[in-house]
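This report concerns only the one structure given below.
Protein chains get the first letters and strands the later ones, always in sequence-line order, with residue 1 at the start of each. Every value quoted in this text rests on a predicted model; they were computed, and no experiment measured them.
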Number of protein chains: 2
Amino acid sequence: MANRSDTKTRILDAAEKLFAERGFSETSLRLITSKAEVNLASVNYHFGSKKELIRAVLARYLDRFMPAASDELVQLKASSEPSLNEIFSSLVKPLLELNKFKAEGTRTFLQLLGRGYIESQGHLRWFITTHYGTHLNEFVKAVAESAPHIPPAEMFWRLHFTLGTVVFTMASADALTEIAAADFNEHNDIEAVIRKVIPYLAAGVAVPVTSQ
Amino acid sequence: MANRSDTKTRILDAAEKLFAERGFSETSLRLITSKAEVNLASVNYHFGSKKELIRAVLARYLDRFMPAASDELVQLKASSEPSLNEIFSSLVKPLLELNKFKAEGTRTFLQLLGRGYIESQGHLRWFITTHYGTHLNEFVKAVAESAPHIPPAEMFWRLHFTLGTVVFTMASADALTEIAAADFNEHNDIEAVIRKVIPYLAAGVAVPVTSQ
DNA sequence: GTTTAATTTAAACGCATGTTTAAATCAGAG
DNA sequence: CTCTGATTTAAACATGCGTTTAAATTAAAC
């Protein structure tokens with residue numbers, strides 16, 4: 001194949017689709033390069049290793065999403081004391097903006113995040129927290145302030161429950177939307193799923209702590 | 001190594017621990033057989049294949065848990081119209097009973113379920129639904145009856161959100177309890193985590209559907 | 001004790017993986 | 001055109017995987 005300056009992009013595009021669909025370790029470099037119509041060795045030439053390719057795929061989305069999400073949050077807090085629903089909902093626009101960057105960008109990004117948290121051998125978790133930890137902390141702080149009746153330790157657990165919901169839902173979003181279409185004739189796109197999950201999460205995070 | 005009639009059990013014990021910790025496809029038969037101190041080929045001799053070993057590992061827990069959970073549910077519905085909280089709470093006793101069968105049995109079982117749910121290449125989903133589908137349907141039906149204001153399609157999604165929460169929480173329960181102990185001086189066992197998550201789940205599942 | 005079936009063992013098979021190599025090809029500068 | 005550095009290419013490498021094989025060993029029946 002002739003020299004082509006977009007080899008890196010072709011690899012990233014093919015990789016992100018396959019990673020989102022089947023997970024990282026279940027996707028071989030040979031499958032990626034055959035879909036991208038590039039040579040097998042070009043992955044190692046351009047990215048060094050499979051791990052670095054995974055990070056590059058995620059970074060392409062995180063570099064767009066994280067600053068946008070932070071901006072939305074700043075804007076939201078400037079005008080009012082936002083509710084939990086508003087805080088979660090402030091993520092919707094930055095998420096949907098990813099569809100302008102790439103077709104199915106929102107779904108791909110969320111699925112990649114889910115795969116990353118589930119499969120994480122540590123290198124991804126480290127990569128995300130060291131590169132985007134500041135943005136994450138801002139978000140956690142805003143959530144805590146919006147539900148002051150929840151003690152910090154309880155909030156810690158509930159935010160991780162929330163993370164679990166999001167991650168699992170997105171990792172299996174394709175299968176679930178298929179089942180929903182077959183069983184209930186409900187045809188959901190990724191935005192519909194996002195808008196379904198937000199009230200569920202907000203209710204759980206804010207529910208009063210029972211002593212019992 | 002001498003002939004030993006408990007080879008099957010040694011394999012199951014080693015396999016369930018490793019499967020729960022690292023997932024199915026990330027756990028090789030060579031790792032299992034070395035931890036179990038049995039010959040590599042004995043897995044194929046006793047179980048036929050890796051897939052059948054996975055099913056056998058899960059069946060050992062499901063055969064205990066599912067009937068017990070069904071019994072609890074029948075008992076609960078006999079005396080009253082149970083609330084969502086009561087229905088979820090009815091699972092606690094069957095779950096904790098698994099600790100009598102094996103040390104850390106509850107945690108292992110929940111982690112295995114989580115791994116099976118994400119990694120599922122179909123054979124596990126098929127195995128669970130064909131062998132334990134009746135029990136699952138009873139539970140789903142009870143949940144739906146306790147929240148009649150939630151349409152079936154919405155309930156489908158919320159139950160999967162719930163599954164995601166449980167599965168992710170249990171998969172990372174070790175790390176989370178450690179962090180909670182360090183940051184908040186909270187010392188939780190698996191039962192404490194289960195009792196924290198139930199109100200969160202019940203609130204999310206039952207929250208009224210907003211039209212917006 | 002001998003025979004028979006079940007089990008364990010070491011070795012190999014076939015295949016897929018990520019990575020590396022060295023030659024071939026390309027694009028741009030002089 | 002010629003040279004140079006970047007890129008692409010085909011091939012091989014080393015490793016790990018699930019599985020199979022055939023011989024060795026064990027336990028039980030007679």
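- Put simply, CZ on A:Phe24 is 18 Å from C1' on C:dT17, counting in whole angstrom units.
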- Item | Stepwise ring-ring contact (aromatic ring centres under 6.0 Å, His included) test for A:His135 and A:Phe139 | CA-CA 7 Å; A:His135 297 110; A:Phe139 185 78; over 10 Å; no
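- The one candidate from B:Ile32, B:Thr33, B:Leu31 that meets the side chain to side chain contact (heavy atoms under 4.5 Å, CB included) condition with B:Lys35 is B:Leu31.
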- Item | Verdict with supporting geometry, A:Phe161 and B:Lys196, side chain to side chain contact (heavy atoms under 4.5 Å, CB included) | CA-CA 10 Å; A:Phe161 299 159; B:Lys196 269 185 201 300; 4.2 Å; yes
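- Of the N and O atoms on the side chains of B:Thr177 and B:Asn188, not one donor lies less than 3.5 Å from an acceptor on the other residue.
- When the side-chain nitrogen and oxygen atoms of A:His46 are compared with OP1 and OP2 of D:dA6, none of them lie within a distance under 4.0 Å.
- The residue A:Thr33 sits apart from the nucleic acid: no heavy atom pair falls under 4.0 Å.
- Looking at which nucleotide of DNA chain D each of A:Ala41 and A:Tyr45 is closest to, the 5′-most match is held by A:Tyr45.
- At C:dT7, none of the side-chain N or O atoms of B:Thr7 fall inside 4.0 Å of OP1 or OP2 (strictly under the cut-off).
- Atom P of nucleotide C:dT17 and atom CG of A:Leu18 are separated by 12 Å, given to the nearest angstrom.
- Below the 3.5 angstrom threshold, one finds a donor paired with an acceptor across the side chain of B:Arg30 and the base of D:dG18.
- Summary of the strand contacts: A:Gly48 and A:Ser28 both lie near DNA chain C, and taking for each the nucleotide with the nearest heavy atom, the more 5' one is attributed to A:Ser28.
- A straight line from CZ of B:Arg22 to P of D:dG16 spans 13 Å, rounded to a whole angstrom.
- Per the geometry, CD belonging to A:Glu26 stands 13 Å off C1' belonging to D:dC17, to the nearest Å.
- When rounded to the nearest whole Å, the span between CG of A:Leu40 and P of D:dC13 equals 16 Å.
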